[in-house]
Each structure stands twice: as structure tokens, then as C-alpha cells.
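Everything on this sheet refers to the single structure shown next.
Note that ligands are numbered from 1 as they come in the structure, with each ligand's atoms numbered from 1 the same way.
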Amino acid sequence: MTNLAGLSQAELIAFIEEHGEPAYRGRQIFGALQHRRLRSFDEMTDLPKALRGRLHETATASTLTIESRYLSEDGTRRFLMKTHDNLPVETVFIPEEHRDTICFSSQSGCPLQCTFCLTAQLGLLRSLTPGEIIEQIIIALNDAYGVGEKPPRGANLVGMGAGEPFLNFESLIKATRIMADPQGLFIVPHRVTVSTAGVVPRIRELATIPDRPNLAISLGAPTNEMRDELMPINKKWPLEELLGACKEFEETLKPGERFTFEYVMLDGVNDSNEQARQLANLLNRHDLHAKVNLIPHNPAAPLPYQPSPATRVEMFKSILESKGVRTFVRRPRGRDIFAACGQLAAVTQTAGLRAS
Ligand code: SF4
């Protein structure tokens with residue numbers, strides 16, 4: 001079965017022509033899937049019934065099913081979905097003052113073993129297809145605004161859910177290209193940010209791609225010693241190599257593109273004044289100008305960490321700023337429903353969750 005939600009408009013036209021139908025039917029189906037955000041052929045009542053019947057035999061309009069939906073006190077929604085082969089996929093919708101954000105997953109589980117992340121405990125189940133990435137966005141948009149309704153303020157996407165997006169690079173780039181189609185979802189790459197734990201070859205590759213999403217690097221530690229411990233991927237691509245690739249990437253930035261570092265703040269682990277100075281020196285030594293987002297850790301029972309207190313975060317920020325590093329503090333969202341960064345681990349049973 002071909003999942004048509006993962007085909008570009010050109011691929012869909014080719015698919016439909018192979019089935020003996022005219023090209024305009026391909027365009028029509030692309031619009032139905034990606035612009036009207038319909039998730040079944042039966043809803044496409046402007047297609048002849050016989051064609052819908054034939055499509056059912058070889059293709060599908062959607063593959064993900066919604067298992068549960070959790071609503072946070074702050075309006076954040078977490079969707080727990082299942083793939084056709086019964087693997088968990090999580091997506092988070094975060095309402096914001098100026099623009100809403102959808103955080104999508106690139107893999108079911110994750111092969112990297114960041115010690116502060118609950119997803120790591122699932123291991124890698126498998127990488128998601130372009131269709132499965134796009135469907136997450138369609139499901140979240142339809143739930144938030146109604147089927148096919150335009151987001152009133154537009155929507156930003158962040159690839160910061162489960163998985164390491166750069167270990168599923170081709171599917172990720174393909175999905176972002178399909179979503180950018182003006183006759184489809186029309187979410188342009190500038191509205192999309194992907195976060196990597198530091199897959200260096202893909203950072204270099206992204207530097208060569210003109211229609212690329214924004215990039216965020218999850219740093220987590222200012223020294224190799226500490227980063228080896230918190231983010232074992234550092235043993236493969238240590239800080240010097242990672243930041244060298246970051247510099248190459250930064251040099252290719254075009255106006256309007258965003259490049260940031262993310263730094264999860266773990267109480268008593270990576271949040272000292274000395275570590276703030278080390279971080280600033282590291283970035284300055286590599287002549288990196290990207291801003292740093294400090295993210296207070298989101299606690300989760302099996303993880304041995306606590307979030308840094310607000311005063312510590314402020315001190316860390318002021319040290320970075322005193323050394324010329326632009327620094328922001330990210331407000332955690334959806335902690336109560338296990339929707340916050342590093343908390344996605346297909347948690348289904350948590351006291352007090354409002355599921356629907
Ligand atoms: S923080 Fe990201 S890369 Fe690291 S284990 Fe979690 S999902 Fe994977």
C-alpha cells in the first residue's frame with residue numbers, strides 16, 4: 001500500500017497516471033490530502049466513486065491512528081499515535097501568543113542515549129516515513145483548528161519530538177519539501193526548526209541545501225568529559241568537531257534563517273558558574289554567534305535529574321551574556337502531561353491526565 005500523504009505533488013501525479021487517470025486527478029488528490037487535510041478517500045466526495053474504490057486497493061490516505069490525546073493546564077496538547085505496525089508516535093501542539101507550534105517526532109523511540117531524556121529509554125523502534133511525519137502535522141492542525149481550517153496565525157514546526165531527525169535525514173527533508181508546497185500545507189522551511197544531538201555529517205550536508213529548515217543544536221554540556229556522559233553521541237563526534245561543523249553551517253546562513261544552541265539545565269550537573277564560562281568560551285573560541293536557549297530540565301520519574309532552580313538559570317544566563325553570548329530561557333510547556341522536551345516516551349498512565 002502506498003501512503004499518498006507522503007508523496008510530493010509530482011509523485012502523486014505520476015502515481016495516478018500509472019493508474020490510467022489524468023494528471024489533474026493527482027493534483028486534486030494532493031490538494032485534498034495536504035490542503036484540505038482529509039485523511040480518507042471516502043471524504044473526497046469530489047472524486048468519482050469508482051476511482052475511490054480503485055484507490056482503496058493500492059493506496060491509503062493516512063496510516064497513523066490517534067490512541068489518546070492529553071490536554072495540559074497550559075493548553076498544550078499531546079497526541080499519542082500508533083503506526084500501522086503498532087509503534088508509538090508522539091506529537092505536541094503548543095499554543096502561543098503570537099504563533100502556535102507543533103513539535104513532531106522523526107522516529108519512533110530513539111537510538112541515542114541522552115541520559116536526561118525519557119525517549120532514550122524506548123530505544124529505536126524505527127524511523128518514520130515522510131508520510132508519517134506529515135500526518136502528525138495534519139492531525140495536530142485538524143485537532144486545533146478544525147479539518148482543513150487555516151491556522152489563524154500560521155504555525156511553526158519543530159522537529160524536537162522523539163528521535164534524532166538527522167538519523168532520518170532523507171525522510172525529514174522530503175517531508176519538509178512536501179509541506180512547503182503552496183498547493184498543500186504551505187509551511188515553508190523558515191517556519192520549521194529541527195534539532196540535532198550532533199550528527200556532524202548531516203550538519204555539513206544541511207549547509208549545502210538551499211531550501212532547508214532552521215537548525216538547533218542540542219549541546220547539553222560545555223566539555224567533552226561531561227558531554228560524553230550526558231549525550232554519548234559526543235564520543236563519536238566530540239565538541240571540537242561538532243562546533244567546527246556548526247561554524248561551517250553558520251557561515252552559510254541566509255537572512256531570515258535561524259540557528260540556535262539548546263542547553264538543557266540539570267540541577268547541580270551542568271549549571272555552575274564555571275560551566276557557564278566554559279560554554280561561553282567554547283562558543284567564542286569557535287567564533288559562533290548563534291544564540292543559546294536555556295531549557296530547564298523536565299523531570300520524569302526514572303531520570304536521575306532535577307531542573308536547575310530559576311535563580312541558577314538566571315545566573316548562568318547573565319554569565320553567558322557578560323561574555324557576549326545572546327541567551328534566552330525557554331519556558332517549559334506541557335510538563336503535566338509529559339509533553340515537554342525529553343519527556344516523550346509514550347507515557348499513557350499518569351495520574352490526573354485528561355485524556356480524550
Ligand atoms: S534528547 Fe533527542 S536525541 Fe537524545 S535520546 Fe532524547 S530524543 Fe534522542
With heavy atoms of [X] as the reference, note each atom of ligand 1 found under 4.0 Å away.
X	value
G163	7 (S)
A120	5 (S)
L112	3 (S), 5 (S)
C117	1 (S), 5 (S), 6 (Fe), 7 (S)
C110	3 (S), 5 (S), 7 (S), 8 (Fe)

| request: Check the angle between the aromatic planes of F261 and F259 and answer parallel, tilted or perpendicular using the 30° and 60° thresholds. | output: tilted
| query | Do any N/O/S atoms of C114 come under 2.8 Å of atom 6 (Fe) of ligand 1? | reply | no
| Modelled atom types, side-chain donor and acceptor of N214 and E257, under 3.5 Å | no
| More than 12 heavy atoms of other groups within 6.0 Å of E250 CD | yes
| task | State whether E21 and R54 are salt-bridged, where the test is any N-O pair (Lys NZ or Arg NE/NH1/NH2 against Asp/Glu carboxylate O) under 4.0 Å. | result |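 Salt bridge between E21 and R54, a charged N being under 4.0 Å from a carboxylate O: yes.
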| message | Apply side-chain contact (heavy atoms from CB on, under 4.5 Å) to residues R204 and T208 and explain how you reach the verdict. | response | CA-CA 7 Å; R204 295 214 166 96; T208 67; over 6 Å; no
